[in-house]
Q: 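Below is one structure. I have some questions about it.
In this chain, numbering begins with 1 at the start of the sequence shown.
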Amino acid sequence: MKILLAVDGSTYTKRMLAYIAAHEELIGSGNELTVITAVTPVPPHVTSFIDKTSLQQYYTDEAEAVLKPVRAFAEQNKWKPTFTSAVGHAADVIAKAANDGKVDMVIMGSHGHSALGSLVMGSVTSRVMANCTAPVLIVR
């Protein structure tokens with residue numbers, strides 16, 4: 001089974017990882033895990049003042065700040081996931097990766113970093129469920 005783990009570094013990501021660790025059937029030997037994080041894009045009017053190399057390094061650094069502790073947790077638990085990141089709105093990035101990768105399940109925390117963002121833009125979780133063809137397991 002192909003499983004996409006959506007992470008953002010929040011406490012809900014940590015809870016989701018702990019849940020998966022406690023339910024070995026989700027990460028068993030026959031399953032293929034991919035960990036993804038979305039990096040919020042720098043506004044277009046700002047990118048004109050930043051060279052492309054610096055901007056790409058910023059995106060890489062932001063993604064690695066989220067992925068590094070997940071990578072350590074995966075190693076500690078002897079998981080061998082693939083790690084990836086993309087620039088864009090989290091819900092769009094997650095749904096696209098799930099649909100393009102033809103995953104069998106998406107697992108994510110119920111909330112992310114920004115409660116205000118959820119009020120203004122709509123819940124990332126709700127948008128993923130609406131735009132994703134795979135089932136979504138939401139861990140509170």
Side-chain angles (χ1 to χ4, degrees):
M1 180 158 63
K2 291 174 74 172
I3 300 173
L4 182 67
L5 306 177
V7 300
D8 67 358
S10 69
T11 58
Y12 289 93
T13 290
K14 293 174 186 169
R15 289 182 191 174
M16 181 262 296
L17 293 171
Y19 178 86
I20 294 168
H23 293 84
E24 189 154 322
E25 65 275 8
L26 291 173
I27 48 98
S29 62
N31 294 338
E32 179 184 324
L33 299 176
T34 300
V35 177
I36 188 166
T37 191
V39 179
T40 304
V42 172
H45 65 279
V46 175
T47 61
S48 62
F49 298 103
I50 304 170
D51 67 276
K52 291 185 190 284
T53 304
S54 296
L55 183 60
Q56 187 55 48
Q57 187 61 51
Y58 167 77
Y59 289 141
T60 300
D61 292 346
E62 289 295 301
E64 189 56 27
V66 173
L67 295 176
K68 184 177 180 181
V70 177
R71 192 175 283 116
F73 187 84
E75 288 174 13
Q76 178 183 353
N77 287 283
K78 296 181 176 45
W79 303 347
K80 299 204 183 307
T82 301
F83 291 89
T84 189
S85 64
V87 177
H89 185 276
D92 299 334
V93 166
I94 296 164
K96 181 175 178 8
N99 294 335
D100 291 353
K102 296 180 175 37
V103 301
D104 299 302
M105 180 187 297
V106 176
I107 304 176
M108 60 190 299
S110 60
H111 295 80
H113 279 294
S114 173
L116 178 62
S118 292
L119 291 173
V120 175
M121 296 180 279
S123 169
V124 169
T125 306
S126 296
R127 284 182 61 183
V128 169
M129 291 186 327
N131 296 313
C132 185
T133 57
V136 180
L137 174 61
I138 303 162
V139 180
R140 289 193 96 179

Q: Tell me, do Met16 and Ile20 make a side-chain contact under 4.5 Å, heavy atoms counted?
A: yes
Q: List the residues meeting side chain to side chain donor-acceptor pair (under 3.5 Å) with Ser48, not counting sequence neighbours, and say none if there are none.
A: none
Q: Give the minimum heavy-atom separation between Ala98 and Val106, together with the two atoms involved.
A: CB-CG2, 3.6 Å
Q: Any chance you could lay out the side chain to side chain contact (heavy atoms under 4.5 Å, CB included) test for Phe73 and Val7, step after step, and finish with the verdict?
A: CA-CA 12 Å; Phe73 187 84; Val7 300; over 6 Å; no
Q: Using a 6.0 Å cut-off, check whether atom CD of Glu24 has over 12 heavy atoms from anything other than its own residue.
A: no
Q: For residues Leu17 and Trp79, determine if any side-chain heavy atom of one lies less than 4.5 Å from a side-chain heavy atom of the other.
A: yes
Q: Please round to the nearest 0.5 Å and tell me the distance separating atom OG1 of Thr82 and atom CG of Leu4.
A: 10.5 Å
Q: Establish whether Leu55 and Val66 are linked, either directly or via other cluster members, by ILVMFWY side-chain heavy-atom contacts under 4.5 Å.
A: no
Q: How far does CD of Gln57 sit from CD1 of Ile50, to the nearest 0.5 angstrom?
A: 12.5 Å
Q: What residue among Asp92, Asn99, Asp100 forms side-chain hydrogen bond (donor to acceptor under 3.5 Å, both in side chains) with Lys96?
A: Asp100
Q: Quick one: OG on Ser54 to CG on Asp61, what's the gap to the nearest 0.5 Å?
A: 10.5 Å
Q: Determine the minimum heavy-atom distance between Thr125 and Gly109, stating which atoms define it.
A: OG1-O, 3.7 Å
Q: Starting at NZ of Lys102, measure out to NZ of Lys2 and round the result to the nearest 0.5 Å.
A: 8.0 Å
Q: Do any pairs count as a ring pair (Phe, Tyr, Trp, His ring centres under 6.0 Å) and have a residue in residues 28-63, sequence neighbours left out, and if so which ones?
A: none
Q: Give the cluster check for Val124 versus Val87: same hydrophobic cluster or not, with ILVMFWY residues linked at side-chain heavy-atom distances below 4.5 Å.
A: no
Q: When hydrophobic residues are tied together by side-chain contacts of less than 4.5 Å, even through go-betweens, does Val39 share a cluster with Met108?
A: no
Q: Drop me the distance from Asn31's CG to Ile3's CD1, to the nearest 0.5 angstrom.
A: 4.0 Å
Q: Could you tell me which non-hydrogen atom of Pro81 sits nearest to which non-hydrogen atom of Val35, and how far apart they are?
A: CB-CG2, 3.9 Å
Q: Going through the checks in order, is the side chain to side chain contact (heavy atoms under 4.5 Å, CB included) test met by Val103 and Thr34?
A: CA-CA 9 Å; Val103 301; Thr34 300; 6.0 Å; no
Q: Answer yes or no: is there a side-chain heavy-atom contact under 4.5 Å between Ile107 and Tyr19?
A: no
Q: What residues, two or more places apart in sequence or in another chain, satisfy side-chain contact (heavy atoms from CB on, under 4.5 Å) together with Thr40?
A: none
Q: Look up atom OG in Ser110 and atom CZ in Arg15, then write down how far apart they are to the nearest 0.5 Å.
A: 7.5 Å
